[in-house]
Trainee: 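This is the structure I have questions about; it appears just below.
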There are 2 protein chains.
Amino acid sequence: MGRTVTKLDRTGLDREAVVAVALDLVVSEGAAALTMRRLATELDVGTPTIYWHVGSRDELVAAIVQLQSERLADRPIVGRDARARVLSAARNMYAGALEQRAITSLAHQTGTSALLLHDLQAALVAELEASGLEGDAVDEALHSILLVVTGALVVTLSDTARLPGDRGVRARSRAELEALATSTLRVVVDHHVPSEERR
Amino acid sequence: MGRTVTKLDRTGLDREAVVAVALDLVVSEGAAALTMRRLATELDVGTPTIYWHVGSRDELVAAIVQLQSERLADRPIVGRDARARVLSAARNMYAGALEQRAITSLAHQTGTSALLLHDLQAALVAELEASGLEGDAVDEALHSILLVVTGALVVTLSDTARLPGDRGVRARSRAELEALATSTLRVVVDHHVPSEERR
DNA sequence: ACCTGAACACCGTTCAAGT
DNA sequence: ACCTGAACACCGTTCAAGT
């Protein structure tokens, strides 16, 4: 029509596409496959092109983790009372992060785990506030819960991908690990969130 | 005397020495400085010599973390009642790991955090059993506490060494982080360990 | 503005060869 | 048994040069 056709004929490559393809690469082949050269091959461009779009590998990793954080953000919260809903929000973080464990390990290796949970925080904060907590109490509960979620993820991931030649620390099943995470979360949630007396 | 002099005249290099020097290197220059070539230079040998003694970089890292685990193992446990003593054992893990944060980050990056806490586990288990817990209850309490300690370490280390260009998640002070860790630990310890009624 | 070839300064690992 | 020089197959990053 009247509008000028924007020139995206050939490459159409932009930062967003680079990050999205990089995320796919990590998901399908693991964190170790995320190499600037490998990603360049995947995108069918020269290696320096990636640097033009994302600056450095660290920035790329941060962008990947951030993108995954956004994708995790719209999980439904269930539960009748405040404690159940807060626990549900916390479990969304744990379960969501585990769904793409390659991204989560990448985040752990690079110290960006907090970034991965960032967009799910809003929902958790909302539930904490809905439960009647205010100000510092929300902050304390939030960080305590984030701490437990992070620990649960690290323990789960490092227990799952275990080295041979292990020292005594028996490998636990996925179900055991999830039960451990949930029960520990429940303890701290119940501690911070006031119970609702019925009627 | 009558004994033959063992030939350790020149190098006297063995696996133990390699690992000890590698640990020192990480402590003094950070996890990123741990390079096979750099370590070889430090030991004044060729790079392949290191492989002869430790096999691979992964094995070397595991040995370093294991050595640090041993060094952490003799921290005194304080407290009058069972809950206080269990909390003390747990805090020993957190505080000990933070004392050599370079080793702890190395452990996190390589997914060997569990190894780092391994030798401090015995003391924690002993206190849990002394508190009256038995069998599965000990196991549940132990793993729940380990999960929280691990989470506290990750949160503390990644909050401390923070990237510039941060997204809203205000940096917290070391004291705030320690208070968060302690209070979260106390919640799960008190949940698992029965209280002692006085007299 | 966007992309490239070629290079720099590194990695972990292996291996034939030395003593 | 212990150690080496030299190489292999990679890395992240930069930069002059192209369009």
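Proteins come first, then strands; the chains are lettered A, B, ... in the order of their sequence lines, and each starts at number 1. No experiment lies behind these values; they were computed from the predicted model shown.
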Trainee: Would you please say whether a donor-acceptor pair under 3.5 Å links the side chains of A/T156 and A/Y94?
Mentor: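 Yes, a side-chain donor-acceptor pair sits under 3.5 Å.
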Trainee: With sugar-phosphate meaning primed atoms plus P, OP1 and OP2, does A/L34 contact a base, only sugar-phosphate, or nothing at under 4.0 Å between heavy atoms?
Mentor: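 Contact class for A/L34: sugar-phosphate only.
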Trainee: Go through the steps for A/E42 and A/R37 under the test salt bridge (Lys or Arg N to Asp or Glu O under 4.0 Å), then give the verdict.
Mentor: CA-CA 9 Å; A/E42 219 70 33; A/R37 281 172 173 83; over 6 Å; no
Trainee: Rounded to the nearest angstrom, tell me the gap between atom CG in B/D44 and atom P in D/dG5.
Mentor: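 After rounding, the gap between these two atoms is 11 Å.
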Trainee: Among D/dG12, C/dT13, D/dT4, find the nucleotide with the atom closest to the side chain of B/P48.
Mentor: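 Out of D/dG12, C/dT13, D/dT4, the nucleotide with an atom closest to B/P48's side chain is D/dT4.
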Trainee: Among C/dA1, D/dT14, C/dC11, which nucleotide sits nearest the side chain of B/R37?
Mentor: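 Ranking C/dA1, D/dT14, C/dC11 by closest atom to the B/R37 side chain puts C/dC11 first.
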Trainee: Do you know which of B/D119, B/L23, B/I103 makes side-chain contact (heavy atoms from CB on, under 4.5 Å) with B/R71?
Mentor: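 Of B/D119, B/L23, B/I103, side-chain contact (heavy atoms from CB on, under 4.5 Å) with B/R71 is met by B/L23 alone.
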Trainee: Would you name the heavy atoms of A/R186 and A/L87 that are closest together and state the gap between them?
Mentor: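 In terms of heavy atoms, the two residues are closest at NH1-CD2, 3.5 Å.
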Trainee: Given C/dT13, D/dT14, C/dC3, which nucleotide is nearest the side-chain atoms of B/Y51?
Mentor: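 Comparing C/dT13, D/dT14, C/dC3 against the side chain of B/Y51, the answer is C/dT13.
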Trainee: Taking atom P in both C/dA17 and D/dC2, what distance in whole Å separates the two?
Mentor: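 Each nucleotide's P atom is 22 Å from the other's.
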Trainee: Could you state the CD1-P distance from B/I50 to C/dT14, rounded to the nearest angstrom?
Mentor: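 Interatomic distance, CD1 of B/I50 to P of C/dT14: 14 Å.
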Trainee: Decide whether B/S113 and B/T150 meet the rule of one side-chain donor and one side-chain acceptor closer than 3.5 Å.
Mentor: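 On atom types as modelled, these side chains do not qualify, holding no pair under 3.5 Å.
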Trainee: Could you spell out the base pairing of DNA chain C in dot-bracket, with Watson-Crick or G-U pairs whose two distances are under 3.5 Å, [ ] crossing and | to another strand?
Mentor: ||.|||||...|||||.||
Trainee: Taking only N and O in the side chain of A/H53, is any of them less than 4.0 Å away from OP1 or OP2 of C/dC3?
Mentor: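 So the side-chain polar atoms of A/H53 do come within 4.0 Å of the phosphate oxygens OP1 or OP2 of C/dC3, strictly under.
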Trainee: Under 4.0 angstrom, heavy atoms only, what part of the nucleic acid is A/T35 near: base, sugar-phosphate, or nothing?
Mentor: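 It contacts sugar-phosphate atoms only.
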Trainee: Heavy atoms only: give me the nearest B/L116-B/S69 pair and the separation to one decimal.
Mentor: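 Heavy atoms of B/L116 and B/S69 come nearest at O-OG, 3.1 Å.
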Trainee: Counting heavy atoms from C-beta on, name the nucleotide in D/dC8, D/dG12, D/dC3 closest to the side chain of A/R57.
Mentor: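 Selected nucleotide (nearest to the side chain): D/dG12.
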Trainee: Rounded to whole angstroms, how far apart are CE on B/M36 and C1' on D/dA9?
Mentor: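 That distance rounds to 17 Å.
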Trainee: Figure out the CG/P separation between A/D58 and D/dC11, and round it to whole Å.
Mentor: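 Going from CG in A/D58 over to P in D/dC11 covers 17 Å.
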Trainee: Any carboxylate oxygen within less than 4.0 angstrom of a Lys/Arg side-chain nitrogen, looking at B/E196 and B/R83?
Mentor: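 Looking at B/E196 and B/R83, the cut-off is not met.
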Trainee: What contact category does A/T47 fall into here, base, sugar-phosphate, or nothing, at under 4.0 angstrom with non-hydrogen atoms?
Mentor: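 Base: the residue A/T47, judged by heavy atoms under 4.0 Å, touches a nucleobase.
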Trainee: By nearest nucleotide on DNA chain C, pick out whichever of B/G55 and A/W52 is the more 5' one.
Mentor: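 Its nearest nucleotide being more 5', the pick is A/W52.
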Trainee: In whole angstrom, what separates A/E59's CD from D/dT14's P?
Mentor: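 Spelled out: CD on A/E59 to P on D/dT14 is 11 Å.
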